[in-house]
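Report on one structure; see the data block that follows.
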Amino acid sequence: MHVLVTGAAGFLGSHLTDRLLGEGHSVLGVDNLSTGDPQNLAHLAHEPRFRFELRDICEPFDPGPVDYVFNLASPASPPEYLRLAIETLRVGSVGTENTLQIAARHGAGFLHASTSECYGDPLVHPQTEDYWGNVNPVGPRSVYDEAKRFAEALVMAYHRSRGVNTHLVRIFNTYGPRLHPSDGRVISNFFMQALKGEPLTVYGDGNQTRSFCYVDDLIEGILRLSRSEEHFPVNIGNPDEFTILECAQAVLEATGSKSELRFHPLPEDDPARRRPDITRARTILDWKPQVALKEGLAKSLPFFQKKLDRL
Ligand code: NAD
Ligand code: UDP
């Protein structure tokens, strides 16, 4: 297959690209490098089945015939999407429509990277795909949440009205090597702080929860969904739920660090809890995560260690 991956220089996009190349496909990766890192693709410099184009997907483009489009382009960490507020809304709307048009024009399959943020600060726990969410449409996080919710509506409209073979994955917090060490997400922040011996920055009282999925599990789930007949959203994430305090403790154990915890104010609208119900993924895709948090943190450690050595 000829595959287009948008956001290819990002954390998930680069891992997905590696998996697709490993399966023998050819990949065109596009990225505007707004939050991505070319280093994530540096190992593919001499790979003849991979080509990279620096471009903003909000500008219309035609990559020529493609069999599949994976649309991952979007800032993803809260500090980055707050910094790139309008860009985030545009990539979820204009950018996503541009890539849907590519899929429609070339008869390609299409998978959009949506998010557990569609559930907002959820009143249903764990979150099932048929829960409509509790999102503040005008709060600071709305630039991301509403972009993703609009994108889901757009994807469903291209499926229903134009017959595009679309798929929607709702990704829950995912971590692993290539998570940008300074993009502000909790696992990368805690790793870098622990390795430097600095205090770990816990926001709020640290009793809010997240459910962390290791990147290899996530990519496997995305690939299975892309090959399925399912057009409605599917949660992909690890249902093991941790408080942020437990997460801090786990990173301290993984790194052997003696850093202390330092408490900071909780960001506005920070969701109190997050846990995927993965019944749909289990049933339809025969998928479940294989890597527990402790093991995933151990697998991630060498990446963050190397980043620290290069600072
Ligand atoms: P990332 O920031 O590492 O990667 C996103 C990539 O998209 C970056 O390389 C960035 O430069 C690129 N990009 C942004 N705007 C663009 C534009 N207009 N044109 C071209 N490229 C653009 O983030 P990630 O964690 O790899 O996330 C990938 C996708 O998965 C995103 O859509 C994100 O919303 C979604 N997601 C990720 C998680 C997670 O835990 N990692 C959770 C939920 C959803
Ligand atoms: N968080 C934290 N310290 C940090 C970064 C994040 O306590 O240095 C908290 C944040 O407030 C949230 C959780 O960790 O409750 C997950 O944050 P992240 O930005 O990784 O992802 P989110 O799920 O909020 O999009």
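Note that ligands are numbered from 1 as they come in the structure, with each ligand's atoms numbered from 1 the same way. Sequential numbering from 1 along the given sequence is applied to the chain's residues.
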Residue, atom and distance of the protein heavy atom nearest atom 18 (N) of ligand 1 read Asp56 OD1, 2.8 Å
Is the closest side-chain donor-acceptor distance between Ser211 and Arg275 under 3.5 Å? no
Provide, to 0.1 Å, the distance between atom 9 (O) of ligand 1 and the closest protein heavy atom, together with that atom's residue and name. Asp31 OD2, 2.6 Å
So which protein heavy atom does atom 3 (O) of ligand 1 come closest to, and at what separation? Phe11 N, 2.8 Å
In the protein, what heavy atom is nearest to atom 14 (C) of ligand 1, and what distance, to one decimal place, separates them? Ser34 OG, 3.3 Å
Could you tell me which atoms of ligand 1, counted from 1 in the order shown, lie closer than 4.0 angstrom to a heavy atom of Gly36? 8 (C), 9 (O), 10 (C), 11 (O)
Is there a polar contact, in the sense of an N or O pair closer than 3.5 Å, between Asp183 and ligand 1? no
Check whether any side-chain heavy atom of Glu129 sits under 4.5 Å from a side-chain heavy atom of Tyr119, and report yes or no. yes
Any nitrogen or oxygen of Val30, main chain or side chain, under 3.5 Å from a nitrogen or oxygen of ligand 1? no
Measure the spacing between CG of Asn98 and CD of Glu59 and express it to the nearest 0.5 Å. 8.0 Å
Heavy-atom proximity to atom 17 (C) of ligand 1 ranks first, among Asn32, Leu179, Leu218, Val94, for Asn32
Within the 4.5 Å heavy-atom criterion, are Val234 and Val169 side-chain neighbours or not? no
A student comparing Cys213, Gly92, Ala76 should find that the heavy atom closest to atom 27 (O) of ligand 1 comes from Ala76
Atom indices of ligand 1, in the order listed, that fall short of 4.0 Å to a heavy atom of Arg55: 19 (N), 20 (C)
For Gly7, the ligand 1 atoms with a heavy-atom partner under 4.0 Å come out as 6 (C), 7 (O), 12 (C)
Atom 37 (C) of ligand 1: which protein heavy atom is closest, and how many Å away? Leu12 CD1, 3.7 Å
Check for a donor-acceptor pair, side chain of Thr166 on one end and backbone N or O of His159 on the other, with a separation under 3.5 Å. no
Tell me whether Asp145 contacts the main-chain N or O of Cys118 through its side chain, where contact means a donor paired with an acceptor under 3.5 Å. no
Check whether any heavy atom of Arg185 sits under 4.0 Å from an atom of ligand 1. yes
Among Glu152, His167, Arg170, find the one that has a side-chain hydrogen bond (donor to acceptor under 3.5 Å, both in side chains) with Ser114. Glu152
Would you check if His25 and Arg49 make a side-chain contact, meaning some heavy-atom pair closer than 4.5 Å? no
Proximal candidate to atom 42 (C) of ligand 1 [heavy atom criterion; set Asn71, Ile171, Leu72, Thr96]: Ile171
Please list all pairs meeting salt bridge (Lys or Arg N to Asp or Glu O under 4.0 Å) that have one or both residues in residues 194-205, counting only residues at least two apart or in different chains. none
Within-4.5 Å side-chain heavy-atom neighbours: Leu297 and Ile187: yes
Closest candidate by heavy atom, reference atom 10 (C) of ligand 1, pool Thr35, Leu41, Thr6: Thr35
Quick one: do the Asn71 and Thr96 side chains pair a donor with an acceptor below 3.5 Å? yes
Quick one: which of Ser116, Ser74, Ala151 has a heavy atom closest to atom 7 (O) of ligand 1? Ser74
Heteroatom distance test (Lys148, ligand 1): nitrogen or oxygen, under 3.5 angstrom: yes
For Thr174, the ligand 1 atoms whose distance to one of its heavy atoms is below 4.0 Å: 39 (C), 40 (O), 41 (N)
Starting from atom 4 (O) of ligand 1, locate the nearest protein heavy atom and write down its residue, its atom name and how far away it is, to 0.1 Å. Gly10 CA, 3.4 Å
With a 4.0 angstrom cut-off on heavy atoms, strictly below it, pick out the residues next to ligand 2 and order them by chain and number. Pro78, Glu117, Arg141, Asn173, Gly184, Arg185, Val186, Asn189, Phe190, Thr201, Val202, Tyr203, Gln208, Arg210, Ile244, Pro267, Asp270
Do Glu241 and His125 have a side chain donor and acceptor closer than 3.5 Å? yes
Within less than 4.0 angstrom of ligand 1, does Glu87 place any heavy atom? no
Is it the case that ligand 1 has an N or O less than 3.5 angstrom from some N or O of Thr115? no
Between Ser74 and Tyr144, is there a side-chain heavy-atom distance shorter than 4.5 Å? yes
Proximity winner for atom 44 (C) of ligand 1, if only heavy atoms of Ser114, Cys118, Ala9, Ala113 are counted: Ser114
For atom 36 (N) of ligand 1, which of Phe172, Tyr81, Tyr144 has the closest heavy atom? Tyr144
Does the side chain of Asp121 pick up a donor-acceptor pair with the side chain of Asn134 at under 3.5 Å? no
If we number the atoms of ligand 1 from 1 as shown, the ones under 4.0 Å from a heavy atom of Leu33 are 11 (O)
